Amino acid sequence: MAAGLRTVILLSFVLAVGFLLIILSCALWQNWLPLLVALTFVLAPLPNALFSHCGSDELSASYEGSAPVDLGRFITSIFVVTGFALPIILAHSHIIDSKACVMSIAGGGLVYATIIAYSAAFSQEESDYD
C-alpha cells in the first residue's frame with residue numbers, strides 16, 4: 001500500500017503539534033532548556049539510518065548480527081532515552097516547571113513518532129522491478 005497525500009498531511013500536522021508543544025513548554029515558562037528535547041528527537045533516527053546500510057547483504061537468509069547496525073540502534077536508543085530523561089531531570093532539579101516537563105515529553109514523543117511513522121510509511125523494501 002503506497003502512502004499518499006493524506007499520510008503526508010497527517011504526519012505534517014502531528015509534527016507541527018509536537019513542535020508546538022515543545023516551543024510552548026519553553027515560551028510559557030520563559031525557560032528555553034526544554035528545546036534541547038526537540039534536538040535530541042530530531043537527531044535520534046540519524047544513527048539508525050546511517051548504520052542500517054552497513055549490515056547484511058541480500059544473500060544472507062537469516063539475521064547474523066552486524067556490529068554497525070547494532071551500534072546504530074544503540075546510539076539511537078541513547079538519543080531517545082535522553083530525550084525522555086532530560087526534561088524529567090530538569091524538572092526534578094527545579095530548573096523547569098513540571099508542566100513544561102510534561103509538555104516537552106509529549107511534544108518530543110510526537111516528533112519522534114512522526115519521524116518513525118514517516119520512515120515506515122515511505123520505506124522502499126520491495127520493488128516490483130527487482
Side-chain angles (χ1 to χ4, degrees):
M1 183 170 123
L5 184 62
R6 288 185 184 175
T7 305
V8 172
I9 292 172
L10 177 69
L11 289 175
S12 64
F13 178 73
V14 172
L15 184 69
V17 169
F19 278 121
L20 177 70
L21 282 174
I22 292 172
I23 291 172
L24 280 178
S25 72
C26 298
L28 290 178
W29 288 276
Q30 290 86 26
N31 191 351
W32 293 94
L33 284 175
L35 198 59
L36 293 174
V37 173
L39 179 68
T40 58
F41 279 118
V42 167
L43 292 178
L46 290 180
N48 201 10
L50 291 175
F51 288 110
S52 67
H53 300 292
C54 299
S56 63
D57 55 356
E58 293 85 18
L59 300 176
S60 64
S62 65
Y63 177 75
E64 298 170 1
S66 174
V69 174
D70 290 339
L71 178 65
R73 290 178 183 159
F74 180 72
I75 295 172
T76 297
S77 66
I78 288 173
F79 278 124
V80 171
V81 169
T82 301
F84 284 114
L86 184 65
I88 294 171
I89 291 170
L90 291 174
H92 178 72
S93 60
H94 300 291
I95 296 175
I96 64 172
D97 193 50
S98 61
K99 296 172 194 144
C101 172
V102 171
M103 287 176 69
S104 180
I105 288 174
L110 285 175
V111 168
Y112 186 68
T114 302
I115 293 170
I116 294 300
Y118 181 83
S119 63
F122 293 102
S123 66
Q124 298 178 357
E125 293 181 7
E126 293 185 16
S127 177
D128 295 336
Y129 303 108
D130 288 340

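A quick note: this is a predicted structure, and the numbers were derived from the prediction, not measured.
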Pair Val8-Phe122, side-chain contact (heavy atoms from CB on, under 4.5 Å): steps then yes or no: CA-CA 10 Å; Val8 172; Phe122 293 102; 3.5 Å; yes
Say whether [X] and [Y] are linked into one hydrophobic cluster, either directly or through other cluster members, by side-chain heavy-atom distances under 4.5 angstrom.
X	Y	answer
Leu35	Leu43	no
Leu20	Leu28	yes
Val17	Met103	yes

Are [X] and [Y] packed together at the side-chain level, in the sense that at least one heavy-atom pair is separated by less than 4.5 angstrom?
X	Y	result
Leu15	Leu110	no
Phe79	Ile75	yes
Cys101	Ile88	yes

Looking at [X] and [Y], what are the two nearest heavy atoms and their distance?
X	Y	result
Ala44	Val80	CB-CG2, 4.0 Å
Trp29	Ala100	CE3-CB, 3.7 Å
Pro34	Ile22	O-CG2, 3.9 Å
Cys26	Trp32	CB-CE3, 3.2 Å
Pro87	Ile105	CG-CG1, 3.8 Å
Leu46	Val42	CG-O, 4.3 Å

Side chain to side chain donor-acceptor pair (under 3.5 Å) contacts in which one or both residues fall within residues 82-93, not counting sequence neighbours: none
What's the separation between atom [atom1] in [X] and atom [atom2] in [Y], rounded to the nearest 0.5 Å?
X	Y	atom1	atom2	answer
Lys99	Ser25	NZ	OG	13.5 Å
Tyr118	Thr7	OH	OG1	10.5 Å
Leu86	Leu39	CG	CG	10.5 Å
Ile115	Leu11	CD1	CG	10.5 Å
Asp97	Gln30	CG	CD	11.0 Å
Ser104	Ile96	OG	CD1	6.0 Å

ring-ring contact (aromatic ring centres under 6.0 Å, His included) partners of Phe84, counting only residues at least two apart: Phe41
